[in-house]
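For reference, the structure is listed below as structure tokens.
All heavy atoms count here, side chains included; hydrogens, waters and symmetry mates do not. Residue indices begin at 1 and follow the sequence shown.
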Amino acid sequence: MTGITHPKIVVTGRIPDAGLELLRSIEGSDVWAWMDDAVIPTDLRDEQLADADAAVTLLTDRVDDDFLAAAPQLRVVANVAVGYNNIDVAACTARDVLVTNTPGVLTDATADLAMGLILMSTRRLGEGERLIRSDTAWQWGMFMMLGTGLQGRTLGIVGMGAIGEALATRARAFGMKIVYHNRRNVGVEIERRLDARRVDFDELLATSDIVSLNCPYSEATHHLIDAAALAAMKSTAFLVNTARGPIVDEAALVDALIDDAIAGAALDVFENEPTVHPGLLGLDNVVLVPHLGSATVETRAAMATTAAANVAEVVAGRTPHNPVSG
Ligand code: DGY
């Protein structure tokens, strides 16, 4: 792979300074960065991409044929996210554009959030918060807002990658049992440490008290949780999604929550993000947070520097640390 002498690097969204500094420290680099939290206007983006060698993108960017057509000399797209379903990897590959992501650095933050959502939904914390803020009179009561304890309950993890494993580690500390559904076995060492058992999808749905989605989004996982999957869950079970919104058929979830077909859900991601299905908004048995999985100061800085380091490798003519394939 040949290096790039004076790379023009376009950063399509606001990223932490640590990432920008690393990009600017690349010898000969010319860094152009959109410094606003709003999504970059397409005409400005395309104008900047015209002579770009590298693009640092966010999950709100669609890197598709139009994006690539605007960037004829592009060599790398460094996504500041572990998920890269916003990128048409096949279209990039067809144009010899490398794609990279940021695995590893957001594992703990996302697993922490998933554990938080499990606690929020099973212990009805959002509901309790809303009660206090509504200024309604209340008083401690023996039977007030009773939730579900986690000890001895089964957590079913769909997608036992790094985040799934980190969530399982946390759940074990809460006394939970672990089953998981994954394309491949995670190996005896991990299974032993987590006392985890690989099961098929149907068994996971039928036996889990909490179903946590931690798999990537793809055609294969589109609406994996549909009406049939929800009907196969225990009526006392909770669904937690910190992966990608379209893995869940949100309309079917609304129906299941209204009908008490499951006990509750907690969502960090949405099918048509940032739009949230209106049917979810009035329900007390669902916790809704705005895609905060990796949202810690430390993690976002690490994601930005990881993406920048991937660009630096390509500029130096080396294979990037985190290449992805379609
Ligand atoms: C990711 O990196 O894919 C996360 O969803 C961003 O928070």
Side-chain angles (χ1 to χ4, degrees), residues 1-4 7-16 19-20 22-23 26 29 31-34 39-40 42 45-46 48-107 110 159 161-163 183 215-222 243-247 269 273 291 293-294 299-300 302-326:
M1 202 189 307
T2 51
I4 309 168
K8 158 98 180 267
I9 302 167
V10 171
V11 184
T12 60
R14 199 154 85 87
I15 63 168
L20 285 177
L22 185 50
L23 292 169
I26 297 174
S29 67
V31 179
W32 184 90
W34 174 245
V39 176
I40 186 172
T42 309
R45 181 200 76 182
D46 289 354
Q48 291 300 329
L49 285 175
D51 57 350
D53 300 288
V56 175
T57 56
L58 305 186
L59 53 82
T60 42
D61 294 303
R62 293 235 66 76
V63 180
D64 52 13
D65 278 322
D66 288 345
F67 184 107
L68 295 168
Q73 67 189 52
L74 200 65
R75 295 270 301 276
V76 60
V77 174
N79 210 34
V80 189
V82 66
Y84 51 90
N85 55 298
N86 58 311
I87 298 179
D88 184 340
V89 179
C92 290
T93 308
R95 290 172 152 94
D96 282 333
V97 175
L98 283 165
V99 179
T100 67
N101 69 342
T102 63
V105 293
L106 46 76
T107 301
T110 309
I163 295 171
R183 270 177 306 187
C215 54
Y217 174 65
S218 67
E219 263 174 40
T221 58
H222 180 78
R244 283 292 182 267
I247 298 171
V269 286
E273 213 168 295
H291 204 148
S294 63
T299 301
R300 289 285 162 83
M303 289 164 72
T305 53
T306 302
N310 281 319
V311 171
E313 289 303 294
V314 175
V315 168
R318 294 188 290 264
T319 304
H321 304 298
N322 311 111
V324 300
S325 52

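Under the 4.5 Å side-chain criterion, counting only non-hydrogen atoms from C-beta, D53 is not in contact with V315. Residues F67 and R45 form a side-chain contact, since some pair of their non-hydrogen atoms from C-beta on lies under 4.5 Å apart. Within the 4.5 Å cutoff, the side chain of L59 has heavy atoms near those of the R244 side chain. With a 4.5 Å cut-off on side-chain heavy atoms, N322 and T102 do not count as touching.
The minimum heavy-atom distance linking D51 with Q48 is given by the pair OD1-O, 3.4 Å. Taking both residues in full, the closest heavy atoms of A243 and C215 are given as CB-O, 3.3 Å, listed atom of the first, atom of the second, then distance. Closest non-hydrogen pair, L98 versus P320, comes out as CD1-CD, 4.0 Å. Nearest heavy atoms, A302 versus V105: CB-CB, 3.8 Å. Across all non-hydrogen atoms, the minimal contact from P72 to A50 is CD-O, 3.6 Å. Residues A307 and V80 come closest through the heavy atom pair CB-CG2, 3.8 Å.
In this structure, the side chain of T221 engages the main chain of P216 through a donor-acceptor pair within 3.5 Å. S218 places a side-chain N or O within 3.5 Å of a backbone atom of A220 that can act as its donor or acceptor partner.
Every residue meeting the ring-ring contact (aromatic ring centres under 6.0 Å, His included) condition with H222, not counting sequence neighbours, appears here in chain and number order: Y217. In this view, R62 satisfies the salt bridge (Lys or Arg N to Asp or Glu O under 4.0 Å) rule with no residue, not counting sequence neighbours. For N86, the side-chain hydrogen bond (donor to acceptor under 3.5 Å, both in side chains) criterion is met by N79, not counting sequence neighbours. In this structure A308 satisfies the side chain to side chain contact (heavy atoms under 4.5 Å, CB included) test together with L22, L23, sequence neighbours excluded. Partners of T319 according to the side chain to side chain contact (heavy atoms under 4.5 Å, CB included) rule, which considers only residues two or more places apart in sequence or in another chain, are M1. Here A52 pairs with K8, V10, L49, L74 under the side chain to side chain contact (heavy atoms under 4.5 Å, CB included) rule; sequence neighbours left out. Shown here are the side chain to side chain contact (heavy atoms under 4.5 Å, CB included) partners of T299, two or more places apart in sequence or in another chain: L106, A109, S294, T296, M303. Under the side-chain hydrogen bond (donor to acceptor under 3.5 Å, both in side chains) criterion, T12 pairs with D61, sequence neighbours left out. The side-chain hydrogen bond (donor to acceptor under 3.5 Å, both in side chains) check on T110 picks up nothing, with sequence neighbours excluded.
For residues 307-324, the set of pairs meeting the salt bridge (Lys or Arg N to Asp or Glu O under 4.0 Å) definition, not counting sequence neighbours, comprises E313-R318. Sorted by first and then second residue, the pairs that involve residues 89-100 and meet salt bridge (Lys or Arg N to Asp or Glu O under 4.0 Å), not counting sequence neighbours, are D65-R95. Contacts classified as salt bridge (Lys or Arg N to Asp or Glu O under 4.0 Å) and involving residues 71-93 (residues at least two apart or in different chains) are not found.
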(request) Assess whether side-chain contact (heavy atoms from CB on, under 4.5 Å) is satisfied between T60 and H291, documenting all intermediate values. (result) CA-CA 12 Å; T60 42; H291 204 148; over 6 Å; no

(request) Please report the C-alpha distance between N310 and T306 in whole Å, then the side-chain angles of each, then the deciding distance to 0.1 Å, and finally whether the side-chain contact (heavy atoms from CB on, under 4.5 Å) criterion is met. (result) CA-CA 6 Å; N310 281 319; T306 302; 4.2 Å; yes

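For the side-chain contact (heavy atoms from CB on, under 4.5 Å) with C92, the lone residue among D64, V97, V76 that qualifies is V97. Under the side-chain contact (heavy atoms from CB on, under 4.5 Å) rule, V324 has a single partner from V77, V82, V99, which is V99.
A distance of 11.0 Å separates CG of N85 from CG of N101, quoted to the nearest 0.5 Å.
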